[in-house]
Amino acid sequence: MSARTESIVVLTGAGISAESGIKTFRAADGLWENHPIDDVATPEGFERNPQLVYEFYNQRRQQLLSEQVRPNAAHSYLAKFEHEFPGNFLLITQNVDNLHERAGSENLVHMHGELLKMRCLNSQLIFDIAEDFNFDTNCRCCHSPGNLRPHIVWFGEMPLQMNKINQALESCDVFVAIGTSGNVHPASDFYQTAKIHRAHTAELNLERTGSRFDEHIIGNASEVVPKYLENLLQVC
């Protein structure tokens with residue numbers, strides 16, 4: 001690791017939220033909560049059966065807002081690190097929950113969208129939403145029903161804020177991936193982009209993914225993340 005660390009980028013995936021009770025919907029059998037991914041996580045699925053998609057994400061939103069789901073130690077230490085690290089820090093998350101925000105993170109990019117937001121199909125304006133919504137919900141800008149969709153990046157769609165993400169990866173000194181399989185493009189390429197630009201790369205995960213990070217730390221996020229970040233602060 002560089003003796004002088006001025007910029008750090010962290011990527012988080014489903015593994016960090018799983019310890020807070022958020023289910024990891026992507027399964028080996030291609031099902032999300034017993035639904036084929038093509039039915040609930042693609043633009044084509046939404047076009048075929050919008051009500052099914054609305055119901056699927058309404059259930060996910062209800063789970064997120066339940067009293068049982070709270071930020072864990074990994075979320076909290078990432079927020080603590082952001083506020084104590086003297087250099088540039090960017091947190092990129094593949095997760096659509098709001099646990100990072102609830103823990104206190106501020107410089108944050110939700111590359112796959114957010115459960116607590118909806119988007120107008122006509123204007124592309126984004127609105128906060130905590131309650132259920134569906135095809136019959138009136139759009140706040142169009143004032144008519146049928147124009148709203150979950151603000152979620154589905155398969156086949158471009159992740160959000162990729163220019164900002166790539167700029168951060170190309171200029172960082174350290175890149176840390178936490179709780180992500182590293183199999184989904186483009187996030188699977190992030191550590192390579194950072195390495196090409198001579199950043200130190202570290203993987204914190206339940207198991208090794210086979211990726212060629214410089215450093216691999218295996219364990220639960222709530223246990224390994226606080227220790228790793230405390231050590232990183234000391235050398236920064």
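- Following chains of ILVMFWY side-chain contacts shorter than 4.5 Å, one cannot reach Val153 starting from Val40, and the two form parts of different hydrophobic clusters.
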Steps toward side chain to side chain contact (heavy atoms under 4.5 Å, CB included) verdict (Phe89, Ser7): CA-CA 6 Å; Phe89 177 85; Ser7 178; over 6 Å; no
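- Taking the ring-ring contact (aromatic ring centres under 6.0 Å, His included) definition, one finds that Phe85 meets it with Phe81, sequence neighbours left out.
- In the hydrophobic clustering of this structure, Ile129 groups with Leu99; members are Ile, Leu, Val, Met, Phe, Trp, Tyr whose side-chain heavy atoms approach within less than 4.5 Å, directly or through other members.
- Every residue two or more places apart in sequence or in another chain was checked for a ring-ring contact (aromatic ring centres under 6.0 Å, His included) with His151, and none qualifies.
- The heavy-atom pair separating Asp97 from Ser17 by the smallest distance is OD2-OG, 2.7 Å.
- When the shell of 6.0 Å around CD of Glu47 is examined, it contains 12 or fewer heavy atoms from other residues, nucleotides or ligands.
- Annotation: side chain to side chain donor-acceptor pair (under 3.5 Å) contacts of Asp39 (sequence neighbours excluded): Arg48.
- His75 places none of its side-chain heavy atoms less than 4.5 Å from the side chain of Arg102.
- Contact annotation: the side chain of His110 never approaches that of Val96 to less than 4.5 Å [non-hydrogen atoms, C-beta and beyond].
- Using a 3.5 Å distance cut-off with no hydrogens or angles, the side chains of Thr5 and Asp173 do not pair a donor with an acceptor.
- Shown here for Thr42 and Gly45, the closest heavy-atom pair between the two residues is OG1-N, 2.9 Å.
- The closest side-chain heavy-atom distance from Leu64 to Ile22 is below 4.5 Å.
- With values rounded to the nearest 0.5 angstrom, Leu11 atom CG is found 8.5 Å from Ile178 atom CD1.
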Take Ile8 and Asn88 through the side chain to side chain contact (heavy atoms under 4.5 Å, CB included) test and state the conclusion after the steps. CA-CA 6 Å; Ile8 295 176; Asn88 296 319; over 6 Å; no
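- From Phe135, atom CZ reaches atom CG of Asn147 across 8.0 Å, with rounding to the nearest 0.5 Å.
- In this structure, Arg60 and Pro150 have side chains that are not in contact, with every pair of non-hydrogen atoms separated by 4.5 Å or more.
- Atom CD1 of Ile217 and atom CG of Asn231 lie 8.0 Å apart (nearest 0.5 Å).
- In this structure, Arg140 places its CZ atom where more than 12 heavy-atom neighbours from other residues, nucleotides or ligands lie under 6.0 Å away.
- Here the closest heavy-atom approach between residue Glu82 and residue Asn107 is recorded as OE2-N, 2.8 Å.
- When only modelled atom types and interatomic distance are considered, Ser211 and Glu203 share no side-chain donor-acceptor pair under 3.5 Å.
- Going from atom NE2 of His112 over to atom CD1 of Ile152 covers 10.0 Å, rounded to the nearest 0.5 Å.
- The minimum heavy-atom distance between Pro43 and Glu157, with the atom names listed, is CG-OE2, 3.5 Å.
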Step by step, would you call Trp154 with Val53 a side chain to side chain contact (heavy atoms under 4.5 Å, CB included)? CA-CA 11 Å; Trp154 289 324; Val53 176; 3.7 Å; yes
Show me, pair by pair, the donor-acceptor contacts under 3.5 angstrom made by side chains of residues 159-166, not counting sequence neighbours?
{"from": "Asn166", "atom 1": "ND2", "to": "Met162", "atom 2": "O", "distance (Å)": "3.2"}

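- Legend: side-chain hydrogen bond (donor to acceptor under 3.5 Å, both in side chains) pairs involving residues 126-137, not counting sequence neighbours, sorted by first then second residue: Gln62-Asp132, Lys117-Asp128.
- You'll find the side chain of Leu78 reaches within 4.5 Å of the side chain of Leu229, heavy atoms only.
- Note that CZ of Arg149 and CZ of Phe46 are 7.0 Å apart. Values are rounded to the nearest 0.5 Å.
- Ring centroid separation for the pair Tyr191 and Phe175 does not come in under the 6.0 Å cut-off.
- Ile126 is not connected to Leu115 by any chain of hydrophobic side-chain contacts under 4.5 Å among Ile, Leu, Val, Met, Phe, Trp and Tyr, and they are in different clusters.
- Formation of a donor-acceptor pair under 3.5 Å by the Asn98 side chain with backbone atoms of Glu101 is not found in this model.
- Within a 6.0 Å radius of CD in Glu170, more than 12 heavy atoms belonging to other residues, nucleotides or ligands are found.
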Evaluate side chain to side chain contact (heavy atoms under 4.5 Å, CB included) for Val109 paired with Leu91, printing each intermediate quantity in order. CA-CA 6 Å; Val109 170; Leu91 176 57; over 6 Å; no
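- With a 4.5 Å cut-off on side-chain heavy atoms, Ile92 and Thr12 do not count as touching.
- In this structure, the separation between NE2 on His216 and CD on Glu207 is 13.0 Å, given to the nearest 0.5 Å.
- Every residue was checked against the side chain to side chain donor-acceptor pair (under 3.5 Å) condition with Thr193, not counting sequence neighbours, and none meets it.
- The aromatic ring centroids of Phe133 and Tyr57 lie 6.0 Å or more from each other.
- Across all their heavy atoms, Gln63 and Gly21 have their closest contact at NE2-O, 2.9 Å.
- Two different hydrophobic clusters hold Met158 and Leu121 under the rule that ILVMFWY side chains link at heavy-atom gaps under 4.5 Å.
- Asn58 is not listed as a side-chain neighbour of Phe56, based on a closest heavy-atom distance of 4.5 Å or more.
- Between Val9 and Val174 the shortest side-chain heavy-atom distance does not fall below 4.5 Å.
- The pair Glu230-Lys80 meets the salt-bridge criterion, since a charged nitrogen lies less than 4.0 angstrom from a carboxylate oxygen.
- At least one donor-acceptor pair closer than 3.5 Å links the side chain of Arg70 to the backbone N or O of Glu67.
- The hydrophobic clustering, which links ILVMFWY residues whose side-chain heavy atoms are closer than 4.5 Å, places Phe127 and Leu65 together.
- With hydrogens and angles left out, the side-chain atoms of Asn72 and Ser222 include no donor and acceptor closer than 3.5 Å.
- The shortest non-hydrogen separation linking Glu19 to Ala221 is OE2-N, 2.7 Å.
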